Amino acid sequence: EVALPNEPEAVTPFGVWSGFNISWHDDRCRSNYRLCFAEVGSVPWLPASEYLDALAYRSQPYYDLLCDPADPHYDARLCSLCGERRYTVWYTTIVLLVALE
């Protein structure tokens, strides 16, 4: 279950790292959309040492960790939320590409 916007658990990894109170629930926040596309280990707020096991030899999309029931960072609701955001971005991109053709 996703925490309410005012609870500490609702703060995104970027929010924790930066010290800003950025809630997962804020659809107007660009960093929430970026987080759904971020690779673990490629940005300072998703350190590989915290999100991947010691034997990992490559990065992984943060979205994959949220959606993998075997992963300790699994969260079905955040997986769904990120899935919706990713869909919105890809759909908008395709519509714009078709419109600009």
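Not measured: the values here are computed from a predicted model.
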Chi angles and distances behind the side chain to side chain contact (heavy atoms under 4.5 Å, CB included) call for Asp68, Tyr74: CA-CA 6 Å; Asp68 180 5; Tyr74 170 72; 5.5 Å; no

Trp45 to Tyr51 - nearest heavy-atom pair and separation: O-CE1, 4.2 Å

ILVMFWY cluster, Tyr33 and Leu78 together (side-chain gap under 4.5 Å): no

Nearest heavy-atom neighbours spanning Leu52 and Gln60: CD2-OE1, 3.4 Å

Residue pair Cys79 / Leu66: nearest heavy atoms and the distance that separates them: CB-O, 3.7 Å

Main-chain N/O of Glu39 paired with Ser42 side-chain donor or acceptor, under 3.5 Å: yes

Parallel, tilted or perpendicular: ring planes of Trp90 versus Phe37, cut at 30 and 60 degrees: perpendicular

Shared hydrophobic cluster for Leu35 and Leu81 (ILVMFWY, side-chain gaps under 4.5 Å): yes

Closest contact, heavy atoms only, Glu50 versus His73: O-CE1, 3.6 Å

Nearest non-hydrogen partners of Val40 and Pro47, listed with the distance: CG1-O, 4.1 Å

Exam field: side chain Arg86 to backbone Cys36, donor-acceptor pair closer than 3.5 Å: yes

Closest approach of Thr92 to Thr88 (non-hydrogen atoms, all atoms of both residues): OG1-O, 2.7 Å

